[in-house]
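Following: one structure in structure tokens, then a few remarks.
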Amino acid sequence: MAQFTREVKSHAAAEEQALYSTMLRKPETTGETRHSVAEHHEIEEMLNDLAATDMSSSAWLSKFKDLRHDYEHHIDEEEDDHFPDFAKYLTEDDIAHMRSVFDRRKEAEKDHAEVTPEKMEDAKE
């Protein structure tokens, strides 16, 4: 679970720095971009809440199922809706820039990603 948490957090951070920072500069895609970034933060809070919950409790399994549902929804929405929409507005230079930023940032973010046990009710807004 700790490895999964680090992977998800580092992927989201790199994606925000590479893809979503680019898409925010394109007025046609700012709504979808903000939606995806908000979902990243919701998933991060869910991961933190899960880390703060005793894995042997029924609450953990319930929270994990909620996380799985939201995580899979997010991936499906990105891949089926947002990414195809974004592709219409990307230049070759955009794509090359995003690829280099994503690859570099994912490794750097993974080194700093933390498993932060924090209950949802204690999460910072």
Taking the side chain as every heavy atom from C-beta outward, state whether Glu16 and His41 have any atom pair closer than 4.5 Å.
->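 Of all side-chain heavy-atom pairs linking His41 with Glu16, at least one is under 4.5 Å.
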
Between [X] and [Y], is there shared hydrophobic-cluster membership here, with clusters defined by ILVMFWY side-chain heavy atoms closer than 4.5 Å?
| X | Y | value |
| --- | --- | --- |
| Tyr20 | Ile75 | no |
| Ile43 | Phe83 | no |
| Leu24 | Tyr89 | no |

Would you say the side-chain atoms of [X] and [Y] include a donor-acceptor pair closer than 3.5 Å?
| X | Y | answer |
| --- | --- | --- |
| Ser10 | Lys106 | no |
| Glu77 | His35 | yes |
| Asp54 | Ser56 | yes |
| Glu78 | His74 | yes |

Looking only at heavy atoms, the pair that brings Phe102 and Ala18 closest together is N-CB, 3.6 Å

For Asp81 and Glu32, work out which heavy atoms get closest and say how close.
->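 Shortest heavy-atom contact: O-OE2, 4.0 Å.
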
Residue that, paired with Glu109, satisfies side chain to side chain donor-acceptor pair (under 3.5 Å) out of Gln17, Arg6, Lys9, His11 | Gln17

Any chance you could measure [X], atom [atom1], to [Y], atom [atom2], to the nearest 0.5 Å?
| X | Y | atom1 | atom2 | answer |
| --- | --- | --- | --- | --- |
| Ile95 | Leu19 | CD1 | CG | 10.5 Å |
| His40 | Glu15 | NE2 | CD | 4.0 Å |
| Met98 | Asp93 | CE | CG | 11.0 Å |

Measure up the Phe64 and Trp60 rings against each other and bin them: parallel (under 30°), tilted (30 to 60°), perpendicular (over 60°).
->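 The arrangement is parallel - the two ring planes meet at less than 30°.
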
Relative to each other, are the rings of His69 and His73 parallel, tilted or perpendicular (30° and 60° limits)?
-> parallel

Tell me, with the steps shown, if Thr33 and Phe86 meet side chain to side chain contact (heavy atoms under 4.5 Å, CB included).
-> CA-CA 9 Å; Thr33 300; Phe86 294 168; 3.6 Å; yes

With side chain to side chain contact (heavy atoms under 4.5 Å, CB included) as the test, would you mind laying out the steps for Glu107 and Asp103 before giving the verdict?
-> CA-CA 7 Å; Glu107 285 309 308; Asp103 292 342; over 6 Å; no

Give a yes or no on this: more than 12 heavy atoms of other residues, nucleotides or ligands lie within 6.0 Å of atom CD of Glu92.
-> no

Check whether [X] reaches the backbone of [Y] with its side chain - one donor and one acceptor, N or O, closer than 3.5 Å.
| X | Y | answer |
| --- | --- | --- |
| Thr29 | Lys26 | yes |
| Thr5 | Leu47 | no |
| Asp94 | Thr91 | yes |
| Thr53 | Asp49 | yes |

Please step through side chain to side chain contact (heavy atoms under 4.5 Å, CB included) for the pair Leu50 and Met55, ending with a clear verdict.
-> CA-CA 8 Å; Leu50 202 56; Met55 194 178 262; over 6 Å; no

